[in-house]
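Note: hydrogens, waters and symmetry copies are ignored here, and every other heavy atom, side chains too, is used.
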Amino acid sequence: MTNHSARSVRLRTGKLESERLEQLLSILPQRDHSVVIGPRVGEDAAVIEVGNRYLVSATDPITFATDRVGWYAVHVNANDVAVLGARPRWFLAVLLLPDGASSALVESIMTDIERACSALDVTVCGGHTEVTPRVDTPVVVGHMLGEVAPTRLVRKTSLRAGDDLLLTNGVAIEGTAILARDHRADLAAALPAAVVDRAAALLRHPGISVVQAALTAVAAGPVHAMHDPTEGGVLNGLAELAAAASTGLEVEVAQIPVLPETRQICGHLGLDPLRLLASGALLIGVPPPAAADIMAALRAQAIPVTRIGSVRPPEHGTMLVSQNGRTPFGPVATDELARFYEREG
């Protein structure tokens, strides 16, 4: 007898919960043995063996941002390729535009896509564009392809107990930039205009790309795993990393870098920066003897990096450590940006 009640549960805004996603992925058989990494919770991209190289393929939509969606689409998908140690090379995009969209809007999105691809030496090789009444703001679904030698592939399953956990730049860079760009007037009425301007500029500096950071890290020493936290913020990224590798984590809250603009905007809006959309940060798991060399290489490229904790055995669980003690954490059900929009709507 079919359980219809399970199918009628209303889903929350944001990523599907990990348990539900696991159930759905179990429906999908892997028929082709050339698929090295297929659909799994916590994985950023698929990996397919093609001759003597691995093709790395990632796809992600941009649904939260309403400004610079083309720019976001390129960098978010390039990040998902780079964290597997691959260099992004080819990009495809699906543009869904609302009724009444202007030709100037389409041109601006295309221009943003080209500028972002040019900065990464990526070629746009296809896609699809349409106007549809099903959306009320532009939606861009990106698809990035890259390649890597089999011996250079970075797999999250290689993360192991004892590894150091490093984090580049800071948390909630993308979420902070979106809030500042989409709600500038409201924020400027409560915070200094200079703070809002700096927050909006985070889109470009330090930016949401982690491609340079990822490729710099793998060139500098042995990297066991990388992950770019996105929806659900750095806490969700850490939970995904632990789930993919079947490990525990111990994370020192005081060591997690939060930019001043992020702290001020989140404080004003009542949002948790650790659970806010986080593209622009890179989580890196490395053996302790390699940590110093990898951190030095990143800093030589003007990429800030901090040790925020360590990998523990799975029975340890995923723990936040602060002056208030130890607190277990898991996947974040709803990103703070989605919660903000729900609250405001």
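- Among residues at least two apart or in separate chains, there is no ring-ring contact (aromatic ring centres under 6.0 Å, His included) pair with a member in residues 270-329.
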Name each donor-acceptor pair under 3.5 Å that joins a side chain in residues 90-113 to protein atoms two or more places apart or in another chain, with its distance.
| residue | atom | partner | partner atom | Å |
| --- | --- | --- | --- | --- |
| Ser102 | OG | Leu105 | N | 3.1 |
| Ser108 | OG | Leu105 | O | 2.7 |
| Thr111 | OG1 | Glu107 | O | 2.8 |
| Asp112 | OD1 | Arg68 | NE | 3.0 |
| Asp112 | OD1 | Arg68 | NH2 | 3.1 |
| Asp112 | OD2 | Arg68 | NE | 2.6 |

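- Sorted by first and then second residue, the side chain to side chain donor-acceptor pair (under 3.5 Å) pairs involving residues 114-130 (not counting sequence neighbours) are His128-Glu130.
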Side-chain donor-acceptor contacts of residues 275-289 below 3.5 Å, not counting sequence neighbours, with atom names and distances?
| residue | atom | partner | partner atom | Å |
| --- | --- | --- | --- | --- |
| Arg275 | NH1 | Asp272 | OD2 | 2.5 |
| Ser279 | OG | Glu174 | OE1 | 2.7 |

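- Evaluation of the side chain to side chain donor-acceptor pair (under 3.5 Å) test over residues 192-206, restricted to residues two or more places apart or in two chains, returns Arg184-Asp197, Arg198-Glu261.
- Among residues at least two apart or in separate chains, ring-ring contact (aromatic ring centres under 6.0 Å, His included) pairs with a member in residues 156-189 are His183-Phe340, His183-Tyr341.
- Listed by first and then second residue, the side chain to side chain donor-acceptor pair (under 3.5 Å) pairs that reach into residues 49-61 are Ser57-His143, sequence neighbours excluded.
- Judged by distance alone, the side chain of Thr176 and the main-chain N or O of Ala172 form a donor-acceptor pair under 3.5 Å.
- Without hydrogens or angle criteria, Asp163 side chain to Arg160 main chain gives a donor-acceptor distance under 3.5 Å.
- Under the 4.5 Å side-chain criterion, counting only non-hydrogen atoms from C-beta, Val74 is in contact with Met144.
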Show me the donor-acceptor pairs within less than 3.5 Å that the side chains of residues 298-310 make with the rest of the protein, sequence neighbours left out.
| residue | atom | partner | partner atom | Å |
| --- | --- | --- | --- | --- |
| Arg299 | NH2 | Val305 | O | 2.9 |
| Gln301 | OE1 | Gln212 | NE2 | 2.8 |
| Arg307 | NE | Asp164 | OD1 | 3.1 |
| Arg307 | NH1 | Glu252 | OE2 | 3.4 |
| Arg307 | NH2 | Asp164 | OD1 | 3.4 |
| Arg307 | NH2 | Gly309 | O | 3.4 |
| Ser310 | OG | Arg312 | NE | 3.1 |

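- Residue pairs meeting the salt bridge (charged side-chain N to carboxylate O under 4.0 Å, His left out) criterion with at least one partner in residues 206-225, sequence neighbours excluded, are absent.
- The side chain to side chain contact (heavy atoms under 4.5 Å, CB included) check on Val211 picks up Ala78, Asn79, Ala82, Pro88, Leu120, Ser209, Leu215, with sequence neighbours excluded.
- Asn236 places a side-chain N or O within donor-acceptor distance of the main-chain N or O of Glu231, the cut-off being under 3.5 Å.
- With sequence neighbours excluded, no residue forms a side-chain hydrogen bond (donor to acceptor under 3.5 Å, both in side chains) with Thr151.
- Scored by the side-chain hydrogen bond (donor to acceptor under 3.5 Å, both in side chains) test, Arg155 finds no partners at all (sequence neighbours excluded).
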